[in-house]
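Here is the structure we will look at, set down as structure tokens.
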2 protein chains.
Amino acid sequence: MQITQYTDYALRVLIYLGACPERRVTIKEVAETFDISRSHVMKIVNQLVSLGFVEGTRGKGGGLRLNRAPAAIGVGEVVRLMEPGFDLVDCFRAESGCLLSSGCRLKGALHTALQAFLAALDEVTLADLIVNQPRLRNMLGVIALNPSP
Amino acid sequence: MQITQYTDYALRVLIYLGACPERRVTIKEVAETFDISRSHVMKIVNQLVSLGFVEGTRGKGGGLRLNRAPAAIGVGEVVRLMEPGFDLVDCFRAESGCLLSSGCRLKGALHTALQAFLAALDEVTLADLIVNQPRLRNMLGVIALNPSP
DNA sequence: CACGAAGATGCATTTTAAGTGTATCTTTTA
DNA sequence: TAAAAGATACACTTAAAATGCATCTTCGTG
């Protein structure tokens, strides 16, 4: 059981932006800091922008910035919106055709468990993830602290 | 977010066996009923046997049978043991090297959520999944009801 | 106003974990 | 002793995720 890197990095991008609220952060910088491909960061950021979590400005001096207060960004919300699918098992899908579907209660049990998972994440906001801002900034290291010369 | 078919079918095999307690069920029969590869069912069953959930007997007239009472088989237990990994995101892995690791609380939040997910499944046993045994048997259909001629 | 820095978009390719296929061995009963 | 069943091992395929590349748009600055 795992979550896609897509969602994982969406959260990390938000953490990064939350840790550097005083300036705009570029996609290049994020990709290099986390050592993943720019394309992937692009896709993630694009969705974060279109969902209203992040504001992206183009052109020289542009970059990314949070578009909401960290305390107003729920981790559960982000995961729900970014993760491509929550069809835990085959029988969650309409066309599954599992012979057991209407007789068994597995689907219901897994659905309840999934709700419990997401509810736990709903208790946490981005603000909770970045309480120790100085430390985070320190971990982000050279790149984050020395943008472009 | 999803669970592997491996775990999904492990549960379905147990449901199948729980629905047909009066006889031995062959791997061939399970594979054909669920329309998946024999190899995959093999691997799943082998693990279920080695974990003590199922008893497999070889030779003519052999097959599979539950090795514990359905009420003594927890869904959470099965999922924990069968699912290959619960490293929800990169930073769960020791060698991840995520720069944020020690400063951020994402890992903790996801871990808590995962525990909530599994705890919800711990509330359910195989017996709960097969309460409507006659209906299940009916759904399993021709193959299950007419083993080999 | 042109150039360069940034994000936006789209598509093709690569990677990798999950699932499948095939072969061979072992056990059991008729 | 032959056929039916599970056990084991390894090679192959598939599909989703991630990456790479090309091109377009927007914006600020000299």
Side-chain angles (χ1 to χ4, degrees), chain A residues 1-10 12-13 17 23-32 34-67 82-90 93 147-149, chain B residues 1-10 12-13 17 23-32 34-67 82-90 93 147-149:
Chain A
M1 188 164 115
Q2 54 188 43
I3 279 174
T4 56
Q5 278 186 44
Y6 187 82
T7 302
D8 182 5
Y9 283 111
R12 293 205 220 175
V13 167
L17 298 184
R23 65 185 181 87
R24 294 181 204 277
V25 173
T26 68
I27 286 178
K28 182 161 179 277
E29 183 186 330
V30 171
E32 286 174 359
F34 293 137
D35 195 28
I36 57 172
S37 81
R38 291 191 63 178
S39 308
H40 210 204
V41 180
M42 277 290 182
K43 281 199 286 191
I44 292 161
V45 164
N46 286 169
Q47 195 178 347
L48 287 172
V49 167
S50 74
L51 289 171
F53 289 111
V54 166
E55 182 203 49
T57 53
R58 304 186 188 189
K60 206 163 187 174
L64 311 167
R65 196 157 56 170
L66 286 182
N67 197 30
M82 300 300 289
E83 186 67 13
F86 288 101
D87 293 335
L88 283 180
V89 295
D90 186 54
R93 305 171 37 113
S148 21
Chain B
M1 187 166 117
Q2 54 187 42
I3 278 173
T4 57
Q5 278 187 46
Y6 187 82
T7 303
D8 182 6
Y9 283 111
R12 293 205 221 175
V13 167
L17 298 184
R23 65 186 180 85
R24 292 182 205 276
V25 173
T26 67
I27 286 178
K28 183 160 178 278
E29 182 186 330
V30 171
E32 286 174 359
F34 292 136
D35 195 28
I36 56 171
S37 82
R38 290 191 65 178
S39 308
H40 210 202
V41 179
M42 274 293 181
K43 280 197 286 190
I44 292 161
V45 164
N46 284 171
Q47 195 178 348
L48 286 173
V49 167
S50 74
L51 289 171
F53 290 110
V54 166
E55 181 202 51
T57 54
R58 305 185 188 190
K60 206 163 187 172
L64 312 168
R65 201 159 50 170
L66 286 182
N67 198 29
M82 299 300 287
E83 186 66 12
F86 288 101
D87 292 335
L88 283 180
V89 295
D90 185 53
R93 306 170 36 112
S148 22

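Residue numbering restarts at 1 for every chain, and letters A, B, ... go by the order of the sequence lines. All values reported here derive from a predicted model rather than from experimental measurement.
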Between residues 47-58 of chain A and DNA chain D, which residues have a heavy-atom gap below 4.0 Å? R58(A)
Please report the distance, rounded to the nearest Å, between CE in M42(A) and P in dA6(C). 11 Å
Taking only N/O atoms, report every protein-nucleotides 13-18 of chain C pair under 3.5 Å with atom names and distance.
none

Phosphate-side-chain proximity, S39(B) and dT20(C), N/O vs OP1/OP2 below 4.0 Å: no
Against V41(A), only a single residue in N46(A), I36(A), L64(A), T26(A) fulfils side chain to side chain contact (heavy atoms under 4.5 Å, CB included); can you say which? I36(A)
To the nearest Å, give me how far apart CZ (R38(A)) and C1' (dG20(D)) are. 12 Å
What's the CD1-P distance between I44(B) and dA7(D), to the nearest Å? 13 Å
Using the ring of each side chain (for Trp, its six-membered ring), is Y9(B) parallel, tilted or perpendicular to F34(B), with breaks at 30° and 60°? tilted
Could you tell me how far apart R12(B) (CZ) and dG19(C) (P) are, to the nearest whole angstrom? 11 Å
Spacing of R24(A) atom CZ relative to dA6(C) atom P, expressed in whole Å: 12 Å
Without decimals, in angstroms, what is the distance between I36(B) CD1 and dT13(D) C1'? 17 Å
Would you kindly compare K60(A) and V45(A) by the position of their nearest DNA chain C nucleotide and give the one closer to the 5′ end? K60(A)
